[in-house]
Amino acid sequence: MTAFDLLSEPIRKYIRDQRWESLRPIQEAAIQKIIATDNNYVLISRTASGKTEAAFLPILSKVNFKGKGVKVLYISPLIALINDQFMRVEKLCEYLDVPVTKWHGEASKGAKDRLIKAPEGIVLITPESLEAMFVNKPHNIHHLFSTLEYVVIDEIHSFLGSDRGIHLQSLLQRIQKVNTGKFSTVALSATVSDENKYAELKEFLGDPEHTKVIRDTTPKPINAVFKYFERGNSELPLDLLKDLYIRTRDSKVLVFPNARGKVEEVAVKLKKLSEKVGGHANYFSHHSSVDKEVREYVEFFAKKSTHENFCISCTSTLELGIDIGNVDEVAQIDATHSIASLIQRVGRSGRREGKSSNLFLYATDRWSLLQSLACWLLFKEQYIEPISMTQKPYDVLVHQLLSMIKGASGITLTQLLEDVRSNAAFKNISAEETTEIINHLTEIDFLEKLRHEYIIGIEGEKVVNTKDFYTLFHTPVFFRVISQGVKIGELPLSAQTIIDENVYLSARIWTIKDIDYKSKKIEVLPAKDGKKPLFFGDAADTAPKIREKMLEILISDEKYDFMDEPGQEMIRQMRKYFSIYDIRSYQTDRPLFSGNDKLKFYSFTGSKVNRTLSFILNRVGIKNQLQENESEFELDFSKKSEFLSLFKDLNLNHVNFDDALTELIENSPETLNFSKWGIYLPLNYQAQLLKNRYFDFEGCNEFIRNLNFIENK
DNA sequence: GACCTGCTGCGGACTG
C-alpha cells in the first residue's frame, strides 16, 4: 500500500483539500513506519520539509481518540512554536473532530480549565509547564496524561546536551510511570549529528532498542558568498554595511550578527542608509531583549509580507522553526559557533521559486574569516558536531528531588530512591550518591525528615514556591525600558545605563531620561544618534572539529572562488604566517613558536579542551593566557626545552585535580554559574559538575597524548 | 567581544 492509502479517510480528505501534489519523502517514510509499528521514531530532515505533518498525519490516523484522557502530547521548546503549530494542528484536527489545547504560561486559563473538566484530544505544552503541573497539581498529571498513546517532541536538538534536555527526559520518564499503557515517542529535528549511531538520542527517548531514525539528507542547494571587511574598531565597517545594504535592499532578508549589541547596530545603521536613498523602512531587530510584543509584531509583519521587502537583524531567536514565512536571503556576520547553528540559519531562506538563494558570509577579522570558512566547508560535508550528554546530572537531580517530594507531599527514602533509580535520566547516579545528596539537602534545610517521610524544608519552600522554580536555566536581571508608557525592551545595568546616554534598542535610538533602581525601570525618549547597547554574556563553546578544519585550511592550497579578493588575500597571508611551521597532520601537529624570549602555541582544538588545558597548565606552574578565538596560548615561560619535557610528562590520569577544582569553586563561586541548581550540592559534587561540564579532562588528556608540537623554522 | 529558552496561584479591579 502507498503511504497515502495507509492514512485514515479524514486525513486523506485533508490532504486532498490542501491540494498537495505528493507527499514529501520524509512523510512517505514516516507514515509507513509509524502506522505499522509502535516504535519510537526520530525524524531528521531540513527545515520546511514537512516534519510536523510527517509525525501528525500517521499519528492522527492511528490513534483512537474515543474515550477519556489526552491521547497525544506535543512538547516544544518555545511558546511561539506552540502557537504556530496550534493553528496547523487544529486545522488538521477539524477533519477528525478532535480538540487541541495549548498549555503554556501565556495560554488561556479557560481553555485549560475546560481540558481539566473533560480531558481529551491533543495537548501542546512546554517542559516548564509540565514541571509546574508536577509540582502544583500532580493529580492532574495522572488525570490528563495516563492515557497517552503518543508524545511528539519538536526541535529535539535544542534540548539535547543541555540541563533542559535532562529535565525533559526526567519529566517524560515520570509521565510514562503514570501511564496505564506505554506511549510511543516521535521526535523532530533538522540538526542531529549521526556520530555514534545516534546512541545518545535513542537513550534520551528511553527505549533505545525500539527507537529508529528516519533521515532525509537531501542537501539544500545554496550559494555561499564570502566577503571580508576588516574591522578597525569595535564598530562594524561602513563598507560592509553598504555592501550588505545593496545586496539585500530588494529582498526579504535575515541578518545574524551574533550579538544583541551588534544586532541593534546593524538594524539602526541599515535603516539610516535606506532612509538616505529612499529605500523601504522595514528594518527591524529581533532578540531576547526586544520587548515581546514588538517581536511578535516583527514576526507578524514578516509573515504577512507577500510583496513587501524587509530586513530583520536577529540573534538565535529566529533560528528555530517559528513561522515567519518566506525569506529570500540570509546574511551571517562573523562565524557561527557551531555547524548546527549554521544549518538552522541557512534553513530559513530560499523558498521563493525561480530565485536562487544566497548566503552572505561576512567576516570582520581574520580568525573569524577562517572559522566561518571552516564551518561552511564542514556544512558542505554534512558534518554536525556530536552532542555530549551529561553522564551524572547531579544538579538536575537536586531539582527533580525537590519536584518529586513537593508533588508527593511526603515520601519515604525507599520510595524516593526507587523513583530516582527507575528514572533513565539519572541511571548513572548511584543510590549512595543520591542518598548523600538527600542528606546534604536535609542539612541545608531544603528537606526535612518527618518520621519516615521526607517533606520540603523551610529553605526549600522558599525556592519551590516561586515561579523561578520551573526552569533549569538562570535568567539575568534587566531593567525594563519604557518610552511614554510603551515598552521597548530591556537593558542590563552597565556603565552605559546613565542619564543622557543615547542607545539603540528595537532598531531605534533613545535617550535615557530616568532610571528607577527600585522598580528596575528606564524611561527613554526618541533620539537622533547613539551607540549600540552593551550586553554581557558568555560566548558559546566551539567544537574541536571546527578548529581542526581551520588548521586543515591553513596547510592546504585549495582556492575558494566563492570568496572575494580581500578574503582570499587574508587566507593567503594566514597561510604564509603559518608556513614557518612544517605541519604535516592537522589532526596531531600543532604550531609552537619560540623567539624573543617568548613562547606561544596554537592548539586548534575546541573551547572546552582549551579551557581545561589552560587550567591545568596554570596548576602545574605554567602561567598562560588563552585567546579563545585564535585558540592561542601565550606562556609566561620562555624555557622551551623545559616546557616541552614538562608537557610530555603531563598525564592527567596520574594527577588528581579534585582539590584544585574545589579551590576554584571556593575562590570564584561564579564559575558554577552555568548550573542553576548545582549550588545546592555538596562541595565535592559541585567539583564533579565543574569537571564534567565546564571542563573536559578526558578530551584534554586525549589531546595532550596525541599532540605533536612543531617548532617554527 | 560574548545566544537562547519559561512561569503558579491568589487577590483585587473591572466588564457584561
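Note that the coordinates shown come from a computational prediction; the quantities given were computed from them, not determined experimentally. Letters A, B, ... are given to chains in the order of the sequence lines, protein chains preceding strands, and every chain is numbered from 1.
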What is the nucleic acid contact for A:Asn629, judged by heavy atoms within less than 4.0 Å: base, sugar-phosphate only, or nothing? nothing
Table please: side-chain donor-acceptor pairs of residues 398-409 of chain A below 3.5 Å, with sequence neighbours left out.
{"residue": "A:His399", "atom": "NE2", "partner": "A:Phe469", "partner atom": "O", "Å": "2.8"}
{"residue": "A:Gln400", "atom": "OE1", "partner": "A:Ser170", "partner atom": "OG", "Å": "2.7"}
{"residue": "A:Gln400", "atom": "OE1", "partner": "A:Arg174", "partner atom": "NH1", "Å": "2.8"}
{"residue": "A:Gln400", "atom": "NE2", "partner": "A:Glu131", "partner atom": "OE1", "Å": "2.8"}
{"residue": "A:Ser403", "atom": "OG", "partner": "A:Glu131", "partner atom": "OE2", "Å": "2.7"}
{"residue": "A:Ser403", "atom": "OG", "partner": "A:Arg174", "partner atom": "NH1", "Å": "3.0"}
{"residue": "A:Ser403", "atom": "OG", "partner": "A:Arg174", "partner atom": "NH2", "Å": "3.2"}
{"residue": "A:Lys406", "atom": "NZ", "partner": "A:Asn465", "partner atom": "OD1", "Å": "3.2"}

Partners passing salt bridge (Lys or Arg N to Asp or Glu O under 4.0 Å) against A:Glu155 (at least two apart in sequence or in another chain): none
All salt bridge (Lys or Arg N to Asp or Glu O under 4.0 Å) counterparts of A:Lys137, not counting sequence neighbours: none
Regarding A:Gln332 and A:Ser372, is there a side-chain donor-to-acceptor distance under 3.5 Å anywhere? no
Enumerate the residues from residues 364-374 of chain A whose closest heavy atom to DNA chain B is under 4.0 Å, giving them by residue number; use none for an empty result. none
Which is true for A:Thr471 with a 4.0 Å heavy-atom rule: it touches a base, it touches only sugar-phosphate, or it touches nothing? base
Contacts of type ring-ring contact (aromatic ring centres under 6.0 Å, His included), residue A:Tyr602, not counting sequence neighbours: A:Trp367, A:Phe578
Under 4.0 Å between any heavy atoms, over every strand shown, what does A:Thr466 touch: base, sugar-phosphate, or nothing? Just pick one. nothing
Residues in ring-ring contact (aromatic ring centres under 6.0 Å, His included) contact with A:His287, at least two apart in sequence or another chain: A:Phe535
Residues forming a ring-ring contact (aromatic ring centres under 6.0 Å, His included) with A:Phe446, sequence neighbours excluded: A:Tyr680
In terms of the nearest nucleotide of DNA chain B, which residue is placed more toward the 5' end: A:Lys292 or A:Phe535? A:Phe535
By ring-ring contact (aromatic ring centres under 6.0 Å, His included) - contacts of A:Phe300 (at least two apart): none
Counting the atoms with a prime plus P, OP1 and OP2 as sugar-phosphate, which does A:Phe473 contact under 4.0 Å by heavy atoms, base, sugar-phosphate, or nothing? base
Looking at A:Arg164 and A:Glu128, is any side-chain nitrogen of the basic one under 4.0 Å from a carboxylate oxygen of the acidic one? yes
Could you check whether A:Ser129 gets within reach of a base, just the sugar-phosphate, or nothing at all, counting any heavy atom under 4.0 Å? sugar-phosphate
Classify the nucleic acid contact of A:Asn136 as base, sugar-phosphate or nothing, counting any heavy atom under 4.0 Å across all strands shown. sugar-phosphate
Nt span of DNA chain B in reach of chain A heavy atoms at under 4.0 Å, 5' end first, is B:dG1 to B:dG9
So what does A:Ala540 touch, heavy atoms closer than 4.0 Å: a base, only the sugar-phosphate, or nothing? base
Residue whose nearest DNA chain B nucleotide is more 5′ - A:Phe469 or A:Arg231: A:Arg231
Heavy atoms under 4.0 Å, any strand shown: does A:Ile79 hit a base, just sugar-phosphate, or nothing? sugar-phosphate
